[in-house]
Amino acid sequence: MNIHKLRQSIRAQRRQLTPQTISAHARLMANRASREIRFLKAKRIAFYIGVNGEMDPAPLVDQALAMGKQCYFPVLKHRPANRLVFSEFQHQSPQTINRFGIPEPAFPHRNSLPPWLLDLVFVPLVAFDLQGNRLGMGGGFYDRTFSFKTQRSHWRGPKLIGLAHEFQKSEQILAANHWDIPLDAVITEKRVYKLPTV
């Protein structure tokens, strides 16, 4: 199956999930993620707002806030080159809708943090394989934002952990481009996958 068909197939499966299934998977994922040492040690964590059947990080956000961690959400930035900035989140934080129809913090420059100062980043995805390859929506925002991780041998920045439903795992190795940033792990409702990042 080519990348285009794989993306279409998994997105269709995600859209068929009921709200009850999405909520149940999110709770199971959060239970696993919250016991991970990387989560427990992290002080500044980036999340995302789940849409269209994506694994919903909301229960994990609640746990992080209750533990006194600083939580950030991505905001699309046109300059430079369609990257993400990360704006601090609280439950009362105002939101707006970006050009892709995804909610994001309304004030990206207030309490924003450059990506290299984050400790941990939870990343949405369409599919993943056990080599750490991630198939996203095709916009390349996360790859561009975290490209510095491949350019600094002495300091590689935050750990990137994908959140997914178990059916999003690809048994075949996904083709990776030279600009793709590999994941350090993926957490589903069923298990934690530690991946062989370079």
Side-chain angles (χ1 to χ4, degrees), residues 1-11 14 33 38-39 42 44-57 60 71-87 89 98-105 108-109 112-165 168-170 172-188 192-198:
M1 184 181 295
N2 65 35
I3 293 299
H4 179 68
K5 288 183 178 178
L6 179 62
R7 186 180 279 119
Q8 282 187 324
S9 173
I10 293 183
R11 291 186 68 195
R14 286 194 325 203
R38 291 169 178 168
F39 176 81
R44 297 177 297 273
I45 306 177
F47 297 89
Y48 61 90
I49 296 174
V51 296
N52 299 320
E54 289 176 331
M55 179 59 83
D56 185 5
L60 192 55
C71 299
Y72 294 82
F73 278 77
V75 178
L76 294 181
K77 188 176 182 181
H78 300 291
R79 295 177 183 171
N82 287 326
R83 285 175 165 79
L84 301 171
V85 294
F86 292 87
S87 187
F89 170 83
N98 68 26
R99 67 181 187 270
F100 296 110
I102 300 172
E104 62 182 27
H109 300 296
S112 63
L113 196 71
W116 51 87
L117 292 182
L118 293 164
D119 300 315
L120 183 61
V121 180
F122 288 106
V123 181
L125 54 85
V126 175
F128 70 97
D129 66 22
L130 299 184
Q131 300 300 309
N133 298 311
R134 167 187 173 267
L135 176 63
M137 291 296 293
F141 292 98
Y142 280 90
D143 292 319
R144 281 191 293 270
T145 300
F146 293 99
S147 61
F148 65 87
K149 285 172 64 69
T150 65
Q151 300 163 1
R152 300 182 181 188
S153 60
H154 64 287
W155 180 54
R156 302 181 71 81
K159 297 296 182 183
L160 304 182
I161 298 181
L163 300 181
H165 305 282
Q168 293 176 260
K169 180 180 69 174
S170 172
Q172 299 180 343
I173 295 177
L174 300 173
N177 298 299
H178 69 274
W179 58 81
D180 290 337
I181 306 301
L183 298 170
D184 296 288
V186 174
I187 304 175
T188 74
V192 176
Y193 294 93
K194 304 289 176 68
L195 304 173
T197 54
V198 293

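One is the number of the first residue; the rest follow in order along the sequence. This structure is a prediction, so every number in the text was calculated from the model and none was measured.
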- Message: Please verify the inter-ring angle class for Phe146 with Tyr142; under 30° counts as parallel, over 60° as perpendicular, anything in between as tilted.
- Response: parallel
- Can you check whether Leu135 reaches Gln168 side chain to side chain, under 4.5 Å on heavy atoms? no
- Query: Atom CZ of Phe86 and atom CZ of Phe73: how far apart are they, to the nearest 0.5 Å?
  - Reply: 11.0 Å
- Message: Quick check: closest heavy atoms across Leu183 and Gly162, and the distance to 0.1 Å?
- Response: CD2-N, 4.0 Å
- Query: When you measure from the side chain of Gln131 to the backbone N and O of Ile173, does any donor-acceptor pair fall under 3.5 Å?
  - Reply: no
- Query: Any side-chain heavy atom of Val126 sitting closer than 4.5 Å to one from Arg11?
  - Reply: yes
- Query: Roughly how far, to the nearest 0.5 Å, is the CD1 atom of Ile161 from the CG atom of Asp184?
  - Reply: 7.0 Å
- Separation between CD1 (Ile45) and CG (Leu118), nearest 0.5 Å, reads 9.5 Å
- Side chain to side chain, Ser147 and Trp179, heavy atoms closer than 4.5 Å: no
- Would you please name every residue forming a ring pair (Phe, Tyr, Trp, His ring centres under 6.0 Å) with Phe122, sequence neighbours left out? Phe47
- Are the side chain of Thr145 and the backbone of Phe141 linked by a donor-acceptor contact shorter than 3.5 Å? yes
- Message: Closer than 3.5 angstrom, by distance alone: can the side chain of Asp129 be matched with the main-chain N or O of Leu174 as a donor-acceptor pair?
- Response: yes
- Message: Ignoring hydrogens, what is the shortest heavy-atom contact between Gly50 and Asp56? Give both atom names and the distance.
- Response: N-OD1, 4.4 Å
- Message: Using 0.5 Å steps for rounding, measure from the NZ atom of Lys194 to the CD1 atom of Ile187.
- Response: 8.0 Å
- Distance, nearest 0.5 Å, that separates CG of Asp143 from NZ of Lys149: 12.0 Å
- Query: Just by distance, do the side chain of Arg7 and the backbone of Asn2 share a donor-acceptor pair under 3.5 Å?
  - Reply: no
- Is there a donor-acceptor contact under 3.5 Å from the side chain of Arg83 to the main chain of Arg144? yes
- Say whether, by atom type as modelled, one donor and one acceptor occur between the side chain of Arg38 and the main chain of Leu160 under 3.5 angstrom. no
- Minimum heavy-atom distance Tyr48-Met55, with the two atoms named: OH-O, 2.6 Å
- Task: Of all the heavy-atom pairs spanning Pro158 and Leu120, show the shortest one and how long it is.
- Result: CB-N, 3.9 Å
- Query: Is there a side-chain contact between Phe128 and Thr188 (heavy atoms, below 4.5 Å)?
  - Reply: yes
- What is the distance from atom CD of Glu54 to atom CD1 of Ile49, rounded to the nearest 0.5 Å? 10.5 Å
